[in-house]
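Have a look at the structure below, then the notes.
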Amino acid sequence: MSTDQDLLADGRLTDGLLAHPYAVYDRLRDSAPVHRVTGPDGSPAWLVTRYDDVREALANPLLSLDKRHALPGGYKGFALPPALDANLLNMDPPDHTRIRRLVGRAFTTRRVEQLRAPIRRTADHLLDVLGTSGGPHGSTDLIAAYAAPLPITVICDLLGVPDGHRRDFRAWTDVLVAPDPARPQAAKEAVVAMLGFFTQLLADKRKEPADDLLSDLIAVRDEGGREGSDRLSEDELMSLAFLILFAGYENTVQLIGTAVLALLQHPDQLAALRADPSRLPAAVEEFVRYDGPALLAIRRFPREDVTIGDVTVPAGETVLLSLAAANRDPRRFPDADRFDLGRDATGHLALGHGIHYCLGAPLARLETEVALAALLERLPDLKLDGDPGDLRWRPSLRARGLLALPVTY
């Protein structure tokens, strides 16, 4: 059996963790609460894996998301221009509070529920296309044909992004989430293309506002908001549009894909859900606990020395909180490695905790619920096509997801 060193590649969060995330996390969780590792960018970091420690750290105000608190020569991270980098994933209060308040009204559970019918129409259209191309029986890559186009359509409709740019955005996102070492310039080219795209999109929306979220945010920016303090800078506006589109697509496509895979690998659970589709909302919580779209939360930087578990982390060093490890911690979820739609999965950390809890969580939940409901109704004989061991995962610690999900129906 592989050792921690084999799987973690001498402390590096690289191929071992990508190939066997839950095996690595099981060992790390059992051996110590916090581990010194080398982060994805090559800089040193502290990895936290136990549920109680991760949950407490997610809500700890001493752990900052602002990169200005990082030590010089430490965290390198993902380089974005200021016009895309001034987003909620890099902010603490009061700026975080101000911007989240401005956009949060669009993502309340009540407002999101109004999207149920449009999401179902999109899901039915995509399944209609499968039926047209394959007849009553066929095979397809469910990621490319369904799990990816559904959330990109939903989030682009919400923001008001024209149809013609959606395929480009998917390609840019794929490059940024899982950079190809053989094409080192690809990520920079994608960032330049996205910056140009958002610059033009904002200009177009200012000329011709519409009934969409981006037009509303532009109005807040240009009119100064309803209160003097409710104001967005131009960089904040563009960064917010980027984050909503990026995260709204990326997290949901991965969640739909891993949820379908879990069901197909556990036919008893699939049969139970088919027998009682009303269990779907609760099932989504188990999907996201069992194999959520993020292995790690956004990195944090202690404002001062902080103790996590029994380890003191110096100010300015990088802290990585493993959401995936916390969600498989048997101290919190008994028999945690078992996929069980009957368990109470509430309290999972897949979507965060505290003030940085995922803004789009209600939308991700609803999209996953509707996507699976449509599949259960319309593709009753859905099965994996091929050996599960041949499935390929995206080589990224930023977003855990399948490169493809071949199925027959």
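- Nearest heavy-atom pair, Phe287 versus Leu372, reported as atom, atom and distance to 0.1 Å: CE1-CD1, 3.2 Å.
- Across all their heavy atoms, Ala325 and Arg29 have their closest contact at O-NH1, 2.8 Å.
- Between Phe197 and Trp172, the distance from one ring center to the other falls under 6.0 angstrom.
- A cation-pi arrangement is present between Arg328 and Tyr290, with the terminal nitrogen or guanidinium carbon under 6.0 Å from the aromatic centre and inside a 45° cone about the axis.
- When only modelled atom types and interatomic distance are considered, Ser139 and Tyr409 share no side-chain donor-acceptor pair under 3.5 Å.
- A salt bridge between Asp85 and Lys67 is present, with a side-chain N of the basic residue lying under 4.0 Å from a carboxylate O of the acidic one.
- For the pair Asn90 (side chain) and Ala86 (backbone), a donor-acceptor distance under 3.5 Å is absent.
- The main-chain N or O of Ala297 is never found under 3.5 Å from a side-chain atom of Arg299 such that the two would form a donor-acceptor pair.
- Considering every non-hydrogen atom in both Leu341 and Ala283, the closest pair reads CD2-CB, 3.8 Å.
- In summary, Asp95 and Arg98 engage in a salt bridge, as defined by a charged side-chain N under 4.0 Å from a carboxylate O.
- Annotation: cation-pi pair Arg289/Phe333 present, NZ/CZ under 6.0 Å from the ring centroid and within 45° of its normal.
- Salt bridge Glu285/Arg343: absent, no basic N to carboxylate O contact under 4.0 Å.
- Between Tyr75 and Phe301, the distance separating the two ring centers is shorter than 6.0 angstrom.
- Ion pair Arg331/Asp329 flagged as a salt bridge, since at least one NZ, NE, NH1 or NH2 atom sits closer than 4.0 Å to an Asp/Glu carboxylate oxygen.
- Side-chain contact check for Asp235 and Ser233: no donor-acceptor pair (N or O, by modelled atom type) lies under 3.5 Å.
- Of all heavy-atom pairs between Leu323 and Leu349, the closest is CD2-O, 3.3 Å.
- Using a 4.0 Å cut-off between a side-chain N of Lys or Arg and a carboxylate O of Asp or Glu, Glu236 and Arg221 do not qualify as a salt bridge.
- For Thr252 (side chain) and Tyr249 (main-chain N/O), no donor-acceptor pair under 3.5 Å exists by modelled atom type.
- The pair Glu250-Arg400 does not count as a salt bridge, with every side-chain nitrogen at least 4.0 angstrom from each carboxylate oxygen.
- Panel note: side chain Ser64, backbone Arg303; no donor-acceptor pair is recorded below 3.5 Å.
- Note on Glu317 versus Arg300: no salt bridge recorded, every NZ/NE/NH1/NH2 to OD/OE distance being 4.0 Å or above.
- The environment of Glu56 atom CD is sparse: at most 12 non-hydrogen atoms of other residues, nucleotides or ligands sit within 6.0 angstrom.
- For the residue pair Thr312 / Thr307, a side-chain donor-acceptor distance below 3.5 Å is found, with atom types taken as modelled.
- Formation of a donor-acceptor pair under 3.5 Å by the His348 side chain with backbone atoms of Ala350 is found in this model.
- Applying the 6.0 Å contact sphere to CD of Gln114 captures more than 12 heavy atoms from other residues, nucleotides or ligands.
- The environment of CG in Asp335 is crowded: more than 12 heavy-atom neighbours from other residues, nucleotides or ligands sit within 6.0 Å.
- Using cut-offs of 30° and 60° on the angle between ring planes, the pair His356 and His96 is perpendicular.
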